[in-house]
Peer 1: 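One structure follows; several queries about it will come next.
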Number of protein chains: 2
Amino acid sequence: MRDISLCGSLTDEELAVLNRLGRPRQLARGETLAWAGSEALVCANLLSGVLKLSAMTADGREQIVGLLYPADFVGRPFAEEVEHSITALTDVELCVFPRKPFEAALENHVRMERLLLRRTLAALDEARARMLMLGRKTAEEKVASFLLDMAGHLGGQQKACEVTFDLPLTRSQIADVLGLTIETVSRQMTKLKRDGLIGLPSNRLVTIRNRNALRERAESA
Amino acid sequence: MRDISLCGSLTDEELAVLNRLGRPRQLARGETLAWAGSEALVCANLLSGVLKLSAMTADGREQIVGLLYPADFVGRPFAEEVEHSITALTDVELCVFPRKPFEAALENHVRMERLLLRRTLAALDEARARMLMLGRKTAEEKVASFLLDMAGHLGGQQKACEVTFDLPLTRSQIADVLGLTIETVSRQMTKLKRDGLIGLPSNRLVTIRNRNALRERAESA
DNA sequence: CGCATACTTGATTCGCTTCAAAACTCGTGG
DNA sequence: CCACGAGTTTTGAAGCGAATCAAGTATGCG
């Protein structure tokens with residue numbers, strides 16, 4: 001756990017503090033770590049797997065407002081109530097900290113606080129980039145951007161420019177990320193496949209066949 | 001400038017540091033403090049007026065990704081390049097800090113850094129709430145939410161439940177906040193007026209006539 | 001007063017959603 | 001090994017909400 005997550009670039013003493021605080025925890029695909037509206041009890045580091053952060057309207061429409069990958073920080077220090085539900089999209093390993101003691105540790109360890117500030121600023125930039133996507137992009141642009149994003153996070157390496165990866169999201173969840181319906185996502189993916197930009201060897205697998213063409217379809221972002 | 005902005009709850013010594021660093025600056029309505037893609041030279045505190053943060057697609061579609069009000073922090077420490085253009089929606093007064101020295105001051109003054117962390121976390125929550133709005137709300141819900149939001153920020157007080165305020169945004173800018181077109185914004189506002197939920201005494205003035213009914217139209221948020 | 005800009009309103013179009021059903025995937029048990 | 005069934009994905013047809021196109025009407029400034 002040393003290289004990964006908040007812990008990179010901490011001193012030994014700070015690492016010791018975190019280790020004393022943290023408890024390992026697993027979640028199975030589909031399990032929820034925290035429900036929006038409940039008391040905020042924990043923060044965590046994500047060690048492996050993918051988490052979603054989601055918000056819902058009163059009548060049940062869902063929007064995924066963030067995806068978390070290994071080494072990402074999980075949770076929201078300094079808030080008493082959970083704003084966004086946190087749910088596992090794959091089986092997940094976490095290092096969980098009780099929130100209050102974690103906050104105390106932050107106050108006492110400037111480097112940790114500094115690191116968290118940088119990450120939060122980066123997360124804010126990302127959230128705003130996604131606002132542009134949600135507000136101003138077409139369905140095709142959304143799907144193309146999404147696939148490039150996933151490739152960036154999951155595509156181990158590009159052999160001869162082609163990458164294949166395993167989608168951690170169902171079509172329905174992709175729709176909830178992009179602010180679309182499941183049918184529209186499916187149609188756009190089929191179109192990209194028909195046009196030879198991607199391959200869909202199986203339901204959950206995606207191959208990026210022509211990254212540059214895909215970037216053009218994603219416009220802008 | 002003491003009560004407002006980052007400076008609240010700083011020590012005298014820290015205030016002195018900031019004052020030595022900061023330079024007052026005015027912007028007229030429409031002027032831009034920083035262009036996306038340019039070198040990030042400054043951070044600032046907003047003293048009066050309203051700023052927009054905006055992003056654009058390659059082909060010129062715009063999305064406003066944030067609005068800043070008096071006492072808000074402006075800019076993005078620790079990034080070399082400006083991610084989002086910063087433009088004045090009204091005449092604006094700022095207290096501007098050169099970025100690098102400001103970053104150095106942050107490192108040396110834990111309380112300032114801590115304060116900035118809290119604000120950044122809050123901004124992230126807000127950005128994510130706006131993602132739900134952009135991705136999953138109808139035009140009517142978007143406009144109703146927007147008006148309630150503005151009332152919260154600008155509506156001095158409610159006399160007998162009615163508040164009137166001066167919109168700092170044109171219809172076109174409202175459209176860019178909500179991910180709609182100018183015509184749709186106009187139509188929805190007219191509808192809300194016809195239904196007696198709001199009044200539009202002049203182009204830029206809005207009166208909230210029935211806050212609860214408006215909240216119902218805004219659904220969820 | 002006249003011009004430019006902003007806002008409203010109407011008619012039409014289009015992209016995405018909705019509704020409906022077929023095809024596929026995958027785990028289970030015969 | 002294959003048949004079965006639940007869940008997921010694809011595909012098709014129809015409808016609707018917001019965009020686009022196009023005037024027309026305020027508003028405000030020189």
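What you see below is based on every heavy atom in this structure, not just the backbone, and it leaves out hydrogens, waters and symmetry mates. Remember, it's a predicted structure, so these values are computed and weren't measured experimentally. Numbered from 1 within each chain, the chains take letters A, B, ... in sequence-line order.
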Peer 1: Distance check, rounded to the nearest 0.5 Å: B/L116 atom CG versus B/F102 atom CZ?
Peer 2: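 Separation between the atoms: 6.0 Å.
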
Peer 1: Within this structure, what is the CG-to-C1' distance between A/L180 and D/dT10, rounded to whole angstrom?
Peer 2: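 It is 16 Å, rounded to the nearest whole Å.
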
Peer 1: What is the distance, to the nearest angstrom, from the CG atom on B/L192 to the P atom on C/dT8?
Peer 2: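 These atoms are roughly 12 Å apart.
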
Peer 1: Is A/R217 salt-bridged to A/E141, cutoff N-O under 4.0 Å?
Peer 2: no

Peer 1: Of A/E140 and B/V185, whose closest DNA chain C nucleotide lies nearer the 5' terminus?
Peer 2: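 In this pair, the answer is B/V185.
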
Peer 1: Could you tell me the separation between the CE atom of A/M189 and the P atom of D/dT9, rounded to a whole number of Å?
Peer 2: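 Going from CE in A/M189 over to P in D/dT9 covers 9 Å.
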
Peer 1: In whole angstrom, what separates B/K191's NZ from C/dG10's P?
Peer 2: 15 Å

Peer 1: Looking at the base of C/dC16, is there any donor atom on it, or on the side chain of A/Q188, that sits under 3.5 Å from an acceptor on the other one?
Peer 2: no

Peer 1: Roughly, in whole Å, what's the span from CZ in A/R29 to P in D/dG7?
Peer 2: 14 Å

Peer 1: Answer with yes or no whether the side chains of A/K137 and A/S145 bring together a donor and an acceptor at under 3.5 Å.
Peer 2: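 A pair is found: one side chain offers a donor N or O, the other an acceptor, under 3.5 Å apart.
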
Peer 1: On a plain distance test, is the side chain of A/R194 in donor-acceptor contact with the base of D/dT11 below 3.5 Å?
Peer 2: no

Peer 1: Answer yes or no: side-chain N or O of A/R187 and base N or O of C/dT18 forming a donor-acceptor pair under 3.5 Å.
Peer 2: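 Answer is yes: a donor-acceptor pair is held.
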
Peer 1: Using heavy atoms to find the nearest nucleotide of DNA chain D for A/R136 and A/I182 separately, return the residue whose nucleotide is more 5′.
Peer 2: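 By nearest-heavy-atom nucleotide position, the 5'-most residue is A/I182.
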
Peer 1: Just how far is it from atom CG of B/L197 to atom CZ of B/R209, taken to the nearest 0.5 Å?
Peer 2: 10.5 Å

Peer 1: Got a salt bridge between A/K52 and A/D176, using NZ or NE/NH1/NH2 to carboxylate O under 4.0 Å?
Peer 2: no

Peer 1: So what does B/T181 touch, heavy atoms closer than 4.0 Å: a base, only the sugar-phosphate, or nothing?
Peer 2: base

Peer 1: Can you find a donor-acceptor pair, distance only, under 3.5 Å between B/E183 side chain and D/dC21 base?
Peer 2: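 Yes.
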
Peer 1: Regarding B/S186, tell me which of base, sugar-phosphate or nothing describes its non-hydrogen contacts under 4.0 Å with the strands shown.
Peer 2: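 Base, at least one base atom sits under 4.0 Å.
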
Peer 1: Nearest whole angstrom, please: distance from the C1' of C/dA6 to the CG of B/D176.
Peer 2: 14 Å

Peer 1: Looking at B/F97 versus B/F73, is the centre-to-centre ring distance below 6.0 Å?
Peer 2: no

Peer 1: Below 4.0 angstrom, N of the basic side chain to O of the carboxylate: do A/E39 and A/R99 qualify?
Peer 2: no

Peer 1: Tell me whether the side-chain N/O atoms of B/R171 come closer than 4.0 Å to OP1 or OP2 in C/dT8.
Peer 2: yes

Peer 1: Taking atom C1' of D/dT8 as reference, at what distance in whole Å does atom CG of A/L169 sit?
Peer 2: 14 Å

Peer 1: Would you mind reading off the distance between A/D166 atom CG and C/dT25 atom P, rounded to a whole angstrom?
Peer 2: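 For the pair A/D166 CG and C/dT25 P, the rounded distance is 15 Å.
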
Peer 1: Taking OP1 and OP2 of D/dA19, is either one under 4.0 Å from a side-chain nitrogen or oxygen of B/T184?
Peer 2: yes

Peer 1: Kindly say if B/S172 contacts the phosphate of C/dC7, meaning a side-chain N or O under 4.0 Å from OP1 or OP2.
Peer 2: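 The answer is no; no side-chain N or O of B/S172 sits under 4.0 Å from OP1 or OP2.
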
Peer 1: Going by distance alone, is a donor N or O of one side chain under 3.5 Å from an acceptor N or O of the other, for A/T57 and B/E219?
Peer 2: no

Peer 1: Pull out every residue in residues 195-209 of chain B that has a heavy atom closer than 4.0 Å to any atom of DNA chain D, ordered by number, or say none.
Peer 2: B/N203

